[in-house]
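A short write-up of the structure that comes next.
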Amino acid sequence: MLFQELEKRNFVMNRRLGSSLAMIAGAINVAGFMEFGYYCANMTGNASALALNLQKGALQEGLRALELGGSFVLGAVICTILVNIGHRQRWPAKYVFSILLEAGLLALMGLVNAIRGFDQASFFPALTLAFLMGLQNATVTRISGSVVRTTHITGMMTDLGIEIADLLDSWRYNVSNEHRHSIKQRLWLHLQIIGSFVVGGVIGAFVYHDRPTYFFLITASLLAGSAILGSITNATAWISRKN
């Protein structure tokens with residue numbers, strides 16, 4: 001899922017990658033709110049919070065919303081730098097590094113939480129989660145050619161509405177079966193990613209409520225496992241082609 005990019009990708013690859021990462025992002029977003037009181041993946045909400053807090057004169061809260069946005073952008077910057085280096089060096093696993101970096105930082109947060117717990121006065125953990133969400137979203141955006149987003153669903157819901165309209169249009173006017181099939185595939189892709197984000201949020205809320213100490217270690221393990229499993233699958237396929 002993390003090796004083929006742009007035109008080399010197909011519907012199944014984007015669906016699997018988008019759904020799995022959207023589920024994890026939904027869980028992290030909910031856990032971040034439950035622990036720190038901020039949605040670390042929702043930059044639209046943070047931009048609105050910045051404006052509202054400035055209007056109320058709550059400068060510290062407004063600054064925190066701005067910092068969350070900056071941290072998200074920084075995550076996207078780091079991902080892009082890693083991918084660009086990978087392109088120049090011709091690394092086949094360039095996208096895997098970003099996901100493993102996300103998993104590693106999540107695991108580090110999990111260890112800190114398990115050993116000493118989060119400092120409730122510290123804003124740094126929330127900034128770290130925003131950074132990771134930017135990192136993840138940039139990864140799937142680059143590898144899919146902007147077809148898939150995973151850390152928020154506003155764009156996916158917009159795309160869903162477009163595909164519904166196109167599908168209705170395809171039944172009214174004479175279009176080829178191939179074109180209608182393509183519309184249905186895109187519609188199903190957006191539906192599944194939206195559903196995965198919501199389901200991930202629900203599961204994340206229950207897991208974090210019952211096992212807050214180990215939540216980030218669990219999500220880190222899932223992320224690392226998916227990246228490593230994908231790497232093994234790709235290496236096995238490459239060896240098979242060589243033989």
Side chains of residues 98-108: which donor-acceptor partners sit under 3.5 Å, not counting sequence neighbours?
residue : atom : partner : partner atom : Å
Glu102  : OE1  : Gln136  : NE2          : 3.4
Glu102  : OE2  : Gln136  : NE2          : 2.9

Distance-only criterion, 3.5 Å: show the donor-acceptor pairs between side-chain atoms of residues 188-204 and protein atoms not counting sequence neighbours.
residue : atom : partner : partner atom : Å
Trp188  : NE1  : Gln192  : OE1          : 3.1
Gln192  : NE2  : Ser19   : OG           : 3.3
Ser196  : OG   : Gln192  : O            : 2.7

Check: residues 209-222 side-chain donor-acceptor pairs under 3.5 Å, at least two apart:
residue : atom : partner : partner atom : Å
Thr219  : OG1  : Phe215  : O            : 3.3
Thr219  : OG1  : Phe216  : O            : 3.0
Ser221  : OG   : Leu217  : O            : 2.8

Steps toward side-chain contact (heavy atoms from CB on, under 4.5 Å) verdict (Met43, Thr151): CA-CA 10 Å; Met43 295 304 111; Thr151 64; over 6 Å; no
For a side-chain contact (heavy atoms from CB on, under 4.5 Å) check, start with the C-alpha distance between Met109 and Thr128, then their side-chain angles and the critical distance, and finish with the verdict. CA-CA 9 Å; Met109 287 188 66; Thr128 302; 3.7 Å; yes
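Sorted by first then second residue, the salt bridge (charged side-chain N to carboxylate O under 4.0 Å, His left out) pairs that include residues 49-78, not counting sequence neighbours, number zero. Applying the side-chain hydrogen bond (donor to acceptor under 3.5 Å, both in side chains) test to every pair with at least one member in residues 77-86, sequence neighbours left out, gives these pairs: Asn84-Arg142. Applying the side-chain hydrogen bond (donor to acceptor under 3.5 Å, both in side chains) test to residues at least two apart or on different chains, the pairs with a partner in residues 161-176 are Glu163-Arg186, Ser170-Arg180.
Checked against side-chain contact (heavy atoms from CB on, under 4.5 Å), Gln89 has the following partners two or more places apart in sequence or in another chain: Ile85, Trp91. Take Ala47 and apply the side-chain contact (heavy atoms from CB on, under 4.5 Å) test, not counting sequence neighbours, and it matches no residue. Under the rule for a side-chain contact (heavy atoms from CB on, under 4.5 Å), the partners of Phe33 that lie at least two apart in sequence or sit in another chain are Tyr39. Scanning for ring-ring contact (aromatic ring centres under 6.0 Å, His included) contacts around Tyr38 gives Phe123, with sequence neighbours left out.
More than 12 heavy atoms of other residues, nucleotides or ligands shown are found within 6.0 angstrom of CE on Met34.
In the hydrophobic clustering, Leu66 connects to Leu50, Leu54, Leu59, Leu63, either directly or through intervening members, whenever side-chain heavy atoms lie under 4.5 Å apart.
When all heavy atoms of His152 and Met156 are compared, the closest pair comes out as O-CG, 4.5 Å.
For the pair Ser182 (side chain) and Glu178 (backbone), a donor-acceptor distance under 3.5 Å is absent. Distance alone, capped at 3.5 Å, places no donor-acceptor pair between the Asn46 side chain and the Gly69 backbone.
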